[in-house]
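Working notes, structure below.
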Amino acid sequence: MTQTGTERFSADLFQSTALTKKLHLDMGLNFVMINDANNGLQLSDLNKLLPYQQLQDGNGNYIPQPQTFYQADKDALFKSGYPYDWSFNLLQEFRNKNNITQNRNLTAVAGITYLLPKGFSFNSSYQYENYSSTNTVLENEQSYNVRNQVNFSTAVKNGQLVSGLPKGSIYSLAENHLQTHTFRNLLKFDNNIGSDDHNLSAIAGLEIREVAGKSSSMVKYGYDPSTLQFANLDYINGYTNILGTTSYIRDATLFTDIKNRFVSVFSNAGYTYKDKYSLNASARLDKTNLFGSSDRYRNVWLWSSGVSWQVHKETFMDNSPFAVLTLRATYGINGNVDKSTSPFLIAKVAKDAQTNLNYGYISNPANPLLRWERTAVKNIGLDYVLTGARLRGSIDYYDRTSTDLLGNATVNGTYGFNSAYVNYASMRNKGIDVALTALIVKRPVTFSTTLNYSYNSNKVLSVDFPNPTVGAYTAGIAQAGKPLNYLYSYRWAGLSSTGAPRVYDKDGNAVDYKKEMTNTSALVYQGTIVPPHYGGLFLNLGYKAFALSTGFTYKFGHHFRVPQLLYTRLFESVNEVHKDWGNRWQKPGDELLTNVAAMPSSQTGLSVYDNYIRNADIHVATASNVRFNELLLNYTVPKTFAGKLRAQQITLTAQARNLGCTSSTRKR
Amino acid sequence: MDQTTAKEKSNGFFGTYGMDLMLDDDLSINEFSQTYYKTNALNAFRFAENIYLENESDADWESMYNQVYTANLVTAQVMNSSGGTTAEKQQLMAEARVHRAYAYFILVNLYGKQYSATATTDAGVPIRKGIDFEEQLPRASVQQVYDYISEDLLAALPDLPVTPVVGLTNRPVRAGAYSLLAKTYLFRNDPANALLYADSSLKAYSTLLNFNALQPNPSFPEVLNYPQNFRNPEMLFEKSGPMISPIVYTNTALLSMYDPVADLRFKTYFFNDKAFGQNFGYFSNEWSGRSAAKGISVPETYLIRAEAHARLGHAAEAMQDINTLRANRYKLGTAYMLSAADAAEALSLVKAERRREMAFRGSRWFDIRRYNMFDNDNITVTHALPDGNFSLPPNSNRTVLPIGRKYIAMNPEITQNPR
C-alpha cells in the first residue's frame, strides 16, 4: 500500500562486571533499526491542483493535469511516436511512489574503572557508534518523472525519433555512513578532607572524538527490478533534446567524505561544608579542526561556577513546613559553534551540466573573523518539597547575555554576497521557569498534577550589519533594541474608493499604495511571533493497576500574520485562490463593507499593493493556544501472571497524541 | 571558472545583466505576455522612480559584484597558491582581470551616466578592492571606472591564450580582451583607439558563422537552429543574461528592419508564435534555450571596427566590414552588398546593421544612450502597456538606473542617482 510510515526495532545489552575488588568492567551494545516509507503526498503536491480539478473521470481513468507543456502538444507528440504518454496526474503519481529508507544504528561501549586509594578513581571508556542509512527510490514507467525525462530527451534525427535516455524505470540509491569514536579518560576524587565537615569531589577529564561521515549515491536508468539490470549510458557524447539543444546525461554518482575531530579537556570540582554549603566550579577547553585561523578563535575556555545552600538542614528550620529547601546560584560562560561554516573560504567542485566540465564555485566566502557564539548565564533558583511530599517544585530566574550570535545576516550585495553566515548580533534573554507538582488525592485513587510555567523576554542589543528599513522591519529582521522575532505592521487605513489598499503614514494621513512607505515610524509594533508565556499541565490519575495520564501544553502572548489574498501570486498562477476572493472589493461602496482589496487592473506598483495587505496591522491575530497533546492509559499485569511468563513486569499501554487545540481567532 | 549556472553563493561567470532589455526598444509587451513579467521588470519598463522595493535585491548589481568578488579573490591569491605552473597562474590572473573589467563595464553603463566630457565628475559605481565585508563603498567617477577597466584589460593581454576554443567560450582570450578594449573606447567616443584594438582583435581571430549552414530546429522546422552560445565559433567571450520572461515579443519597428526572406537572421532570431495558438507576432523565445549571448563576439568586433572607421571618415572601410558580416548572414544568391556615399551615411548604415545583428544581445540600450550623447540622435524610447504609454526623453536622468536602496541603506556612502 502506498503510504508514509515507520517500523522500528531495537535491542539493548548491558553487562557490568567486577573483575577484582578494585577493577570494574562495563560493556554495552545497542542496536536500532528503523524502516521509513515515504510515499505519501505533501501539502505542496496538493497545491499544484487547479481549483475544481478532477483526478479521475467516471470510469476511473486519470484526467491529465497541466504540467511542463501544453496538453494538446503533448498528446500530438505521443501520437507522433514519442516514447511515453506525457500526461501528468497526481493520483497516478501517488499510486506509483516507492521511496524507502532503512536506518541502522549500532552503539558499543566499553569502560574500565579502577578504584585508587584515598577516594580517587580512574575511569577510561571508549564508545563506538556506527550509523548507516540506505535510501532507495524506484520510479517506474507510470511515474511522470520517467516519462517526462525520456520524452524530453527525444528529437527527430534523420526522420527518426531518437531518445537520449533509455526507456524503463529510474532507480536511485543513496547510502550514508557515519562512524563516531569517542575516547574518554576521567580521574575522579570524592572524599572528606580532614573532618566529616569538608567534602570535596572533583573530576578531571580528557575527551577525544572523531566523527567520520561518508556517503555515496547513484542513479540508474532503464532499470529492471526483477533482473536488477540497467542500461549503459553515454555520459560523454551529448544527445539532442526536444528543443533541439545538445544535452548530456548527467552522471548522478556522488561521493562525500567528511571528517571532524574534537579534543576537550574539562574539570569539575565541588566542595561541600557541613553537608549544607556547596561551591562548584567547572571548566572546559575545546579544540576542533573547524577553526583554523588563529588560536584566539580556536581555543576557547568555557566555565561555570555556582553556590548552593541547603537551608532545610539548618537548625532554625527544624519546625518549618519544608522537607527540602535549597537555594542555588550559578554563573558561567557557554559556547556554541556551528559546523556548517568556517573562517576559510570554502570552494566546491561540481560538474557543469552544459559543458560536462568540472568547475569550482564558492559555497562560503572567507570569514577570518568567525568566532564562537558565547553566552554568559546568570541563574538563581530555589527547590522545595513540603513535609509529607504533597507539594514540590522549583523556581528559577535566569539572565543570559549572548554575544557573537551566528546567523544568516543580510550583507550588502555589493560585497559580492547578499547574505552570509556570520557572527552578527548580541542579545539578552531574561526569564523565569516555575515547576509545581501537587499530590492532591493519595488513596484509594491517586491524583496528582504538575504545572510548568515559563516566561521569557528578550532584546537584541546590537546588530553588526544593521538594516533599519521598512522592508526589514516588516520582514522581522533583527534590529538593535527590539526583541528577536518581532512583528511590525502598517497601520491599515481601509480601502480607497477604487478598492485599493491604504495605510497611514507617520503623521496619520491615509496613503495610497502608489506611494511606498519608507519611514519606519509609520509602522506599529505588534509584539512577537514567539510566545513569551508557555508551559504545560499534566494530570495523572491512578487506581490499582490502572494509570491514566494526560498532557496539555499552552502558549500565550504571541501573534502571527493571517495569510491574505495577494495579487502578485494570482497574476502568476491560479493554483490556489484565497477564500476571500468572493469578498473582495468589486464596486464603489464596497470599501465600506470589506477590507479585501480589489483585483488591480494593472501590475503597476503591485509589490507595494500586496505588501500593504500582507503586512497590515488588522491581519495580525493572537497565536495563543492550548493543546491537548497526549492521553496515556497504562495497565500493569498482576505480578503472579507476569511471573509465569518469567517477566518482572508487564505493562499494556494505549496512547493517543495531538488530540485537540483551542485557539482564539480574534484579530487585534 | 567554467561555471554556467548559479550555485549556492556564487553566480557563475556566465551570468550577466538583464534589465537593459526592459529599457530599450527591441522588445514589446502585450496583454498576454505582460503576465509573464515580474513586477520589477515592469517597473523598469515604465521607467519608474524605483525598480526594486527598498529591501529587494537587484539581480544585475549582485550578479556583477559577485563576479568582482571572485575575480578579486583570484587576483589577490592565485600567484601565491600551491600547485600549477606559473604560466597557468598568470593565465588565471589574466582571465580574472578580464571578467572584472567586463563586470565594471556593465555596471558603469547601467548605473552611471553615459561617458561624456563630464566623466571625471559623474558618479560611476563603487570599485570594490578587497574581499572583506567591511570595505567602504564610495562611488568612483565614471572616468575612474573606465581607467580601472583599461588597466585590467591591458595587464591581462600578454597572459591570455590568443583564440577561443569552441565549447569553452566563457574563458577569456586575447581576441576577446582586445575587442572589449575596443568597445570601451567606442563608448568613450575615441574611434581611433577603438579602431586600433578592434583591428588587433580581428587579426587574432575573425571566424564568422555562415548562417546558410544552419539547420532547421528538429521540433520547430521554421526556425533555424543557432548554436548554443558556448559552442558558437563566433563567440569570443560568452556571457548570458538572466531570463526576464519566457516569452519576449519583438518590437515591430525592429522587425521591419529585416528582409524576412533574404536575411537569415530573421528566421534565426525570431519565431512566430502561431505554433502556440497565439497570434501576436514574433518572439525571441528563451523558452527554447536559445537565449541570446551578451558577451563579446566576432560580429560585434566587425561592427565596432566599422563604426570606428565611419566615425573617422573612412566610409569605404566601414562598408567593407559591414559587407563581410552581411555575406555571412544573407541567403546565398541574394543581394547583400551595401554602399555609402559618405561617412555620415556609412555611420547610419553601421548603426542599422548593429541593431539588426545585436538584437536582444544587450547592446541596444547602451547604444541609445551613446547615440543620444555623441550624435544627438534624439531617440526617445516609448513603451506601450495596456495601462498607458511611458516615454524616456534623450539623456534624461532616468537613462541611468537607480542603485538598489537596500545597498545604500547599509552603506550610505553609496550615493543615489537623481531620478
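So you know, we letter chains A, B, ... as the sequences are listed, proteins then strands, and number each from 1. These numbers come from the heavy atoms of this one structure, side chains and all, not from hydrogens, waters or symmetry mates. Since we're looking at a predicted model, the values are computed, not measured.
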Legend entry - Among the listed options A/Thr518, A/Asn467, A/Leu77, the residue most often paired with chain B at heavy-atom distances under 4.5 Å: A/Thr518

Legend entry - Top contributor to chain B contacts, counting heavy-atom pairs under 4.5 Å, from A/Thr246, A/Val608, A/Val411: A/Thr246

Inset, instruction - Provide the closest heavy-atom pair for A/Ala472 versus B/Asn55 in the form atom of the first, atom of the second, distance. - result: N-CB, 4.3 Å

Inset, instruction - Decide if atom CD of B/Glu413 counts as having more than 12 heavy atoms of other residues, nucleotides or ligands within a radius under 6.0 Å. - result: yes

Legend entry - Closest-packed option against chain A by number of heavy-atom pairs under 4.5 Å, given B/Lys406, B/Glu56, B/Glu135: B/Glu135

Legend entry - Part of B/Gln215 within contact of chain A (heavy atom distance under 4.5 Å): neither

Inset, instruction - Look at atom CZ of B/Arg419 and say whether more than 12 heavy atoms of other residues, nucleotides or ligands are closer to it than 6.0 Å. - result: yes

Legend entry - Heavy-atom pair of closest approach, residues A/Gly416 and B/Tyr69: CA-CB, 4.1 Å

Legend entry - Polar side-chain atom of B/Glu54 near backbone of A/Val470 as donor-acceptor pair, under 3.5 Å: yes

Legend entry - Results of ring-ring contact (aromatic ring centres under 6.0 Å, His included) for A/Tyr486 - residues two or more places apart only: A/Tyr488

Inset, instruction - Counting only heavy atoms closer than 4.5 Å, note whether B/Glu134 contacts chain A via side chain, backbone, both or neither. - result: both

Inset, instruction - Keeping to residues at least two apart or across chains, list the salt bridge (Lys or Arg N to Asp or Glu O under 4.0 Å) pairs with something in residues 33-42 of chain B. - result: A/Glu572-B/Lys38

Inset, instruction - Go through the atoms of A/Thr474 and report whether side chain, backbone, both or neither lie under 4.5 Å from a heavy atom of chain B. - result: neither

Legend entry - Minimum side-chain heavy-atom gap B/Phe133-A/Phe465 below 4.5 Å: yes

Legend entry - For chain B, the option from A/Thr240, A/Thr410, A/Asn611, A/Ile477 that forms the most heavy-atom pairs under 4.5 Å: A/Thr410

Inset, instruction - Side chain from CB out, backbone as N, CA, C, O: work out which of these in B/Leu42 comes under 4.5 Å of a heavy atom of chain A, or both, or neither. - result: side chain

Inset, instruction - Inspect the contact between A/Glu516 and B/Arg405 and indicate whether a charged nitrogen and a carboxylate oxygen are less than 4.0 angstrom apart. - result: yes

Legend entry - pair A/Ile362-B/Leu73: side-chain heavy atoms closer than 4.5 Å: yes

Inset, instruction - State, to 0.1 Å, how close B/Leu137 and A/Asn412 come at their nearest heavy-atom pair, and which atoms those are. - result: CD1-ND2, 3.7 Å

Legend entry - From CG (B/Asn170) to OH (A/Tyr359), nearest 0.5 Å: 12.0 Å

Legend entry - Interchain contact, B/Ile403 with chain A, by part (heavy-atom threshold 4.5 Å): neither

Inset, instruction - Check each atom of B/Tyr36 against the heavy atoms of chain A and say whether the ones under 4.5 Å are side chain, backbone, both or neither. - result: neither

Inset, instruction - Please state whether the side chain, the backbone, both or neither of A/Asp464 comes within less than 4.5 Å of a heavy atom of chain B. - result: neither

Legend entry - Donor + acceptor pair across side chains of A/Tyr415, B/Asp132 (<3.5 Å): no

Inset, instruction - Measure the OG1-CD1 distance between A/Thr414 and B/Ile408 for me, rounded to the nearest 0.5 Å. - result: 9.0 Å

